[in-house]
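Here is how names work: the chains are called A, B, and so on, in the same order as the sequence lines, proteins then strands, and each is numbered from 1.
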Amino acid sequence: DAGITQSPRHKVTETGTPVTLRCHQTENHRYMYWYRQDPGHGLRLIHYSYGVKDTDKGEVSDGYSVSRSKTEDFLLTLESATSSQTSVYFCAITRAGGPTDTQYFGPGTRLTVL
Amino acid sequence: GNSVTQMEGPVTLSEEAFLTINCTYTATGYPSLFWYVQYPGEGLQLLLKATKADDKGSNKGFEATYRKETTSFHLEKGSVQVSDSAVYFCALLLYNFNKFYFGSGTKLNVKP
């Protein structure tokens with residue numbers, strides 16, 4: 001258990017509304033990530049952060065923004081949700097840099113955009 | 001580019017059968033390799049890993065060997081159980097960029 005929580009765990013929203021997902025960690029890890037999981041695509045990286053206020057884009061960042069104002073919190077925002085953003089979203093952290101590093105995942109947030 | 005390719009599922013086996021799930025990778029650097037498992041409704045959990053060529057990762061009866069010459073990291077288990085039913089993901093880490101790349105996942109169904 002890497003002390004990662006995600007909120008909400010489930011959300012249903014309507015097209016065009018803003019949505020914010022929260023990832024919270026308790027162990028002060030530097031690197032945090034947001035992925036989405038869709039059938040046939042596995043996990044795809046949306047955004048990641050390598051420190052407070054330091055973020056970068058992943059392979060599927062369009063339509064998403066992130067913020068990290070504190071080490072423990074990494075927020076993912078859908079500015080105007082679309083049906084194509086219906087997915088399961090996972091937050092992850094890595095504990096240390098280097099070849100032995102391992103990624104640890106939160107429990108996921110299931111988002112449905114109607 | 002960097003990518004991971006896994007065999008498509010679902011894979012359906014009877015209990016106590018031998019399991020192989022193939023994984024090959026393409027990487028611009030010298031990656032570390034991982035297998036993760038995802039049970040229904042949960043996040044991914046680390047199953048095993050290997051950080052250099054010829055290393056063998058093992059855990060809970062599962063094994064995988066880092067084969068640099070064939071760029072592969074196949075997952076094996078000698079005798080599967082119903083409780084092994086899950087989705088398995090192969091992944092690579094380019095640690096100098098702190099980026100992970102995941103395969104698309106292989107669903108395993110084990111029947112009693």
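Between atom CD1 of residue A/Ile93 and atom CD of residue A/Glu72 there is a gap of 13.5 Å, rounded to the nearest 0.5 Å. Distance CG/A/Leu75 to SG/A/Cys23: 9.0 Å, rounded to 0.5 Å. Rounded to the nearest 0.5 Å, atoms CG (B/Leu47) and CZ (B/Phe34) are 12.0 Å apart.
Both the backbone and the side chain of B/Leu44 come within less than 4.5 Å of a heavy atom in chain A. If you measure heavy-atom distances from B/Phe89 to chain A, the contacts under 4.5 Å come from the side chain alone. Residue contact with chain B, scored on non-hydrogen atoms closer than 4.5 Å, involves the side chain of A/Tyr48 exclusively. Residue contact with chain A, scored on non-hydrogen atoms closer than 4.5 Å, is absent for B/Gln45. Only the side chain of B/Tyr36 comes within contact range of chain A, with heavy atoms under 4.5 Å apart. Neither the backbone nor the side chain of A/Gln6 comes within contact range of chain B; no heavy atoms are under 4.5 Å apart. For A/Arg9, the part sitting under 4.5 Å from any heavy atom of chain B is the side chain, from C-beta outward, and nothing else.
Side-chain contact check for A/Leu111 versus A/Leu78: some heavy-atom pair is nearer than 4.5 Å.
At a cut-off of 3.5 Å, with distance as the only test, no side-chain donor of B/Thr24 or B/Ser72 sits close to an acceptor on the other residue.
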Verify side-chain contact (heavy atoms from CB on, under 4.5 Å) between B/Ile21 and B/Trp35, making sure each step is shown before the conclusion. CA-CA 10 Å; B/Ile21 300 178; B/Trp35 278 101; 3.6 Å; yes

